[in-house]
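Heads up: the structure comes next, in structure tokens.
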Amino acid sequence: MPDRQLYIGLMSGTSADGIDAVLVDMQETPQLLATHSQRFTNHFRDQIHAICLPGHNEIDRMGSIDGDLGKLFADCSLNLLKKAGVASYDVIAIGSHGQTIRHRPPESKDGRFTLQIGDPNVIAELTGITTIADFRRRDMAAGGQGAPLVPAFHQAVFHSLDKDKAVVNIGGMANITWLPASGDIRGFDTGPGNALMDAWINKHHGQTYDDNGNWAASGKIISELVESLLSDAFFTRPFPKSTGREHFNIEWLQKHIDHLLLKPSAEDVQATLLELTAKSIADSIELLNGSTSEVLICGGGAFNSFLLQRLSHLLPNASIGTTENYGVAPQWVEAMAFAWLAYQTINHHPGNLCAVTGAKREVILGGVYYAK
């Protein structure tokens, strides 16, 4: 296919529930050609979650998971190509986000680094496709947070000269990209997206997510707990800023619950966690904009109807929709972003936005693992 510029994007997010893979044509504007998802087993997901926090023998455990993830990423890529009827040799490169197991932003008391696993050597070897990975550390080396990186893709795909927009990705964590019709683009992590809600429903019902937010909708918001959670210093920290499961996790939540005078019901906590996600996003949009805007949601949170209802309530002057309104299905935006970042790297173009990550300069991101 000489008239096409084909790239694969691979994404496994903070929720660690599986891999999203996309085939994208970069010939002109990014065009989504095919998609494929593979879910992790519950056991493997639990292994990933466990390695995200300090524990016994973690280097050996990380090494084992790193190789296993590489094989799963490769398998997912090959299944995507089989579905699309495309040969490996027609694909220029794979952009693999990898699986984040530590993210320590510059202000972290535990040091300054970010680590994603899912061995790109294995991906390149098993697929026969040049693979680009480890996108975040170069931005961090240039003085940035290493995250979020998707705002650069949001700018390339969703920016317009006649309308202000906010693009909100709600994955395990949530991040926002402010795309004014004119002026500087901004973006940062807003805090927990689905991670706490997923962890809480898994703890009490063994489910991996709250379908449509139905369980949260059955509970009542605990105002005292919302205020306690939002008192965390992250929410008032000036941007650029980024976060992860290392900060916002069940242990963090439980400390706040333990300070309540009365023990809350599990469903009330779930309602409160959804409100935390909605309010931290709404507060961020108001901080960046302060007036009416179009808000486009992507990521798994786009399918939580109760969460979208709460966002509409908290942002009555905003138009709340999803990236589907602009022809990009919300569940594939992040994977497409890493296909685009691979394209940027192959063509020696920078992939970060200094105003978003805080890096001193724009840099070419990622390490290139050639297939031949």
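Side-chain atoms are counted along with the backbone in the values below, which use heavy atoms only and exclude waters and symmetry mates.
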Fill in the blank from the handout: Note: Pro148 and Gly187 closest approach over all heavy atoms is CG-C, 4.4 Å
Practice task
Answer yes when Asp134 and Arg137 have at least one side-chain N-carboxylate O distance shorter than 4.0 Å, and no when they do not.
Solution key: yes
Exercise for the section: Establish whether Phe73 and Leu149 are linked, either directly or via other cluster members, by ILVMFWY side-chain heavy-atom contacts under 4.5 Å. Expected result: no
Exercise for the section: Return yes if some donor-acceptor pair links the side-chain N/O of Asn214 with the main-chain N/O of Asp211 below 3.5 Å, else return no. Expected result: yes
Problem - Side chains of Arg4 and Asp90 in contact at under 4.5 Å (non-hydrogen atoms) - result: no
Handout entry: Side-chain donor-acceptor contact under 3.5 Å, His97 with Ser12
Key = no
Problem - Thr243 and Asp189: side chain donor to acceptor below 3.5 Å - result: no
Problem - Aromatic ring proximity Phe235/Phe188, centre distance under 6.0 Å - result: no
Problem - Minimum heavy-atom distance Arg245-Ser15, with the two atoms named - result: NH2-CA, 3.5 Å
Handout entry: Closest non-hydrogen atom pair, Ile250 against Ala199
Key = CG1-CB, 3.6 Å
Problem - Close side-chain approach of Gln27 to Asp3, heavy-atom, < 4.5 Å - result: no
Exercise for the section: Find out if a path of hydrophobic residues (ILVMFWY) with successive side-chain heavy-atom gaps under 4.5 Å connects Trp252 to Val226. Expected result: yes
Practice task
Using modelled atom types only, decide if a donor and an acceptor are shared between the side chain of Asp210 and the backbone of Trp215 within a distance under 3.5 Å.
Solution key: yes
Problem - Expected output: side-chain Asp164 to main-chain Ala181 donor-acceptor under 3.5 Å - result: yes
Practice task
Could you check if a side-chain atom of Ile65 sits within less than 4.5 angstrom of a side-chain atom of Phe44, using non-hydrogen atoms only?
Solution key: yes
Exercise for the section: Sort out for me which residue in Arg45, Met197, Gln207, His49 forms a side chain to side chain contact (heavy atoms under 4.5 Å, CB included) with Asn202. Expected result: Arg45
Practice task
Indicate yes or no: at least one non-hydrogen side-chain atom of Ile94 is less than 4.5 angstrom from one of Ile123.
Solution key: yes
Handout entry: Whether Thr277 side chain and Pro192 backbone form a donor-acceptor pair below 3.5 Å
Key = yes
Practice task
Looking only at non-hydrogen atoms, find the nearest pair between Ile117 and Leu69 and report the distance.
Solution key: CG1-CD1, 3.7 Å
Handout entry: same_hphob_cluster(Val333, Val167) at 4.5 Å side-chain heavy-atom cutoff
Key = yes
Practice task
Determine the interplanar angle of the Trp200 and His204 rings, folded into 0 to 90°, and report it as parallel if under 30°, tilted if 30 to 60°, perpendicular if over 60°.
Solution key: tilted
Exercise for the section: Please confirm whether the backbone N or O of Pro264 pairs with a side-chain atom of Asp268, one donor and one acceptor, at under 3.5 Å? Expected result: no
Exercise for the section: Taking only Lys NZ, Arg NE, NH1 and NH2, and the carboxylate oxygens of Asp or Glu, determine whether Glu246 and Arg104 approach each other closer than 4.0 Å. Expected result: no
Handout entry: Test item: Leu315 and Glu286 side chains (from C-beta on) under 4.5 Å apart, heavy atoms
Key = yes
Exercise for the section: Could you pull out the closest heavy-atom pair between Thr14 and Gly172, with the gap in Å? Expected result: CB-CA, 3.8 Å
Problem - side-chain contact (heavy atoms from CB on, under 4.5 Å) between Asn169 and Ile176, worked out - result: CA-CA 6 Å; Asn169 174 61; Ile176 184 173; over 6 Å; no
Practice task
Please round to the nearest 0.5 Å and tell me the distance separating atom CZ of Arg136 and atom CD of Gln145.
Solution key: 11.0 Å
Problem - Asn121 side chain to Glu125 side chain, donor-acceptor N/O pair below 3.5 angstrom - result: no
Exercise for the section: Evaluate side chain to side chain donor-acceptor pair (under 3.5 Å) for His247 paired with Asp232, printing each intermediate quantity in order. Expected result: CA-CA 10 Å; His247 187 102; Asp232 187 279; 3.0 Å; yes
Exercise for the section: Begin from the C-alpha positions of Ile92 and Thr130 and carry the test side-chain contact (heavy atoms from CB on, under 4.5 Å) through to its verdict. Expected result: CA-CA 7 Å; Ile92 296 171; Thr130 294; over 6 Å; no
Problem - Check: Glu324 main-chain N/O paired with Thr322 side-chain donor or acceptor under 3.5 Å - result: yes
Practice task
Tell me yes or no: between the side chains of Gln116 and Thr100, is some donor less than 3.5 Å from an acceptor?
Solution key: yes
Handout entry: Over 12 foreign heavy atoms within 6.0 Å of NE2, His205
Key = yes
Completion exercise
Distance col, row Asn249:CG vs Lys255:NZ, nearest 0.5 angstrom, shows 8.0 Å
Handout entry: Side-chain donor-acceptor pair present, Asn79, Gln38, cut-off under 3.5 Å
Key = yes
Exercise for the section: Answer yes or no: are there more than 12 heavy-atom neighbours, outside Lys279 itself, under 6.0 Å from its atom NZ? Expected result: no
Fill in the blank from the handout: Contacts of Arg102 meeting salt bridge (charged side-chain N to carboxylate O under 4.0 Å, His left out) (sequence neighbours excluded), chain-then-number -> Glu58
Handout entry: Parallel, tilted or perpendicular: rings of Phe234 and Phe248 (30°, 60°)
Key = perpendicular
Completion exercise
So CG of Leu23 and CG of Leu33: to nearest 0.5 Å the spacing works out to 5.0 Å
Exercise for the section: Tell me whether Ile8 is reachable from Tyr369 by hopping between hydrophobic residues (I, L, V, M, F, W, Y) whose side-chain heavy atoms are closer than 4.5 Å. Expected result: no
Handout entry: Side-chain donor-acceptor contact under 3.5 Å, Ser160 with Asp162
Key = yes
Exercise for the section: Would you check if the side chain of Arg61 reaches a backbone N or O of Ile48 as a donor-acceptor pair within less than 3.5 Å? Expected result: no
Problem - Ile129 with Ile19, same ILVMFWY side-chain cluster at under 4.5 Å - result: yes
Handout entry: Pairwise side-chain contact, Val363 with Pro350, heavy-atom cut-off 4.5 Å (strictly under)
Key = no
Practice task
Find the distance between OH (Tyr209) and CG (Asp198) and round it off to the nearest 0.5 Å.
Solution key: 10.0 Å
Handout entry: Backbone of Glu224 reached by a side-chain donor or acceptor of Ser228 within 3.5 Å
Key = no
Handout entry: Donor-acceptor under 3.5 Å (Asn194 side chain, Gly171 main chain)
Key = yes
Problem - Contact check, side chains of Leu365 and Gln344, non-hydrogen atoms, under 4.5 Å - result: no
Handout entry: Aromatic ring proximity, centroids under 6.0 angstrom, Phe338 and Phe153
Key = no
Practice task
Kindly check if the number of other-residue, nucleotide or ligand heavy atoms within 6.0 Å of CD (Glu28) is above 12?
Solution key: no
Practice task
If the plane angle is over 60° it's perpendicular, under 30° parallel, otherwise tilted; pick one for His154 and Phe158.
Solution key: tilted
Practice task
Using atom types as modelled and distance alone, determine if a side-chain donor or acceptor of Lys360 lies under 3.5 Å from a backbone N or O of Ala142.
Solution key: yes
Handout entry: Spacing of CG belonging to Leu287 relative to CH2 belonging to Trp178, to within rounding of 0.5 Å
Key = 11.5 Å
Completion exercise
Tightest non-hydrogen contact, residues Asp139 and Ala147, listed as OD2-N, 4.4 Å
Problem - Gap separating the OG1 atom of Thr131 from the CG atom of Leu10, nearest 0.5 angstrom - result: 8.0 Å
Exercise for the section: For residues Ile364 and His349, determine if any side-chain heavy atom of one lies less than 4.5 Å from a side-chain heavy atom of the other. Expected result: no
Practice task
Could you go through the side-chain contact (heavy atoms from CB on, under 4.5 Å) check for His103 and Met140 one step at a time?
Solution key: CA-CA 11 Å; His103 183 70; Met140 196 169 270; 4.0 Å; yes
Handout entry: Heavy-atom neighbours of Lys220 NZ exceed 12 at 6.0 Å
Key = no
